[in-house]
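Report on the structure given below.
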Amino acid sequence: MENAAIIIIDMLNDFVHGSLKCERAMRIIPKIRKLIDYSHKRGIPIIFSNDAHYPQDAEVVNRWGKHAIKGTEGAEVIPELEPQEGDFIVEKRAYSGFFETGLDSLLRSLYGGKGAKTVILCGLHTHMCVRHTAADAFFRGYRVMVAKDAVDAFTEEDHVSGLKYLVEAYNAELKSVDEIISLWGQPTPQT
Ligand code: ZN
């Protein structure tokens, strides 16, 4: 798979245990951990796309209430997936990781300036932030892959319909973490 980058969306204390607690998030933690560990070994870039809200943000005021306020513990990545040296953190204030952030320019700077070509999305929620981030990746010309067992939503219905929409709208490729790892497991072609 050509020049991939892993984007981990909103795996933050508030989204997993806090004000937007999501029971179903627990089951994707080991899957994301596995993908991170493998990617570190292979030198595949890891980007954490994290909510870091101001209290007056539209999403906070008009929809979800206080969550992942910039600088608070709730806005930190859960300890199980704590970013390591060399990982990137890109803060966001809306659903999409691309909306008024430096994510696109970061992706284009990777691989010695050749840029990432494929984004592999995981995290929360399948039909919200994953969906909006997929949309903006698609329209910017990235190949969109979704780690289907490493994304989730509050309900099974939201998750399943969210995955279906990602395929229909953004031509997203749905693959399990093991399938993604096996894509890389093949020998690297000599250049
Ligand atoms: Zn938010």
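When a ligand or atom number is given, it counts from 1 through the structure's own listing order.
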Problem set entry | Option from Arg93, Lys92, Lys70 for which side-chain hydrogen bond (donor to acceptor under 3.5 Å, both in side chains) with Asp51 holds |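 Checked Arg93, Lys92, Lys70 against Asp51; only one passes side-chain hydrogen bond (donor to acceptor under 3.5 Å, both in side chains): Lys92.
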Exercise. So among Asp136, Asn3, Asp104, which one has a side-chain hydrogen bond (donor to acceptor under 3.5 Å, both in side chains) with Tyr142?
Worked result: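 The single option meeting the side-chain hydrogen bond (donor to acceptor under 3.5 Å, both in side chains) with Tyr142 is Asp104.
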Exercise. So, the side chain of Arg24 versus the backbone of Ala153: is there a donor-acceptor pair under 3.5 Å, distance only?
Worked result: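 Indeed, once roles are kept as given, a pair shorter than 3.5 Å links the two residues.
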For this session: Identify, by name, the N, O or S atom of Glu59 lying closest to the Zn ion (ligand 1).
Result: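 The atom in question is OE1.
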For this session: Could you please compute the angle at the Zn ion (ligand 1) from NE2 of His53 to OD2 of Asp51, rounded to 10°?
Result: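 Between OD2 of Asp51 and NE2 of His53, at the Zn ion (ligand 1), the angle is about 90°.
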Problem set entry | Tyr165/His127 aromatic ring centres below 6.0 Å |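 Centroid distance Tyr165-His127: not below 6.0 Å, so no.
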Exercise. Can you tell me if an N/O/S atom from His67 lies under 2.8 Å from the Zn ion (ligand 1)?
Worked result: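 Of the N, O and S atoms in His67, at least one lies under 2.8 Å from the Zn ion (ligand 1), which means yes.
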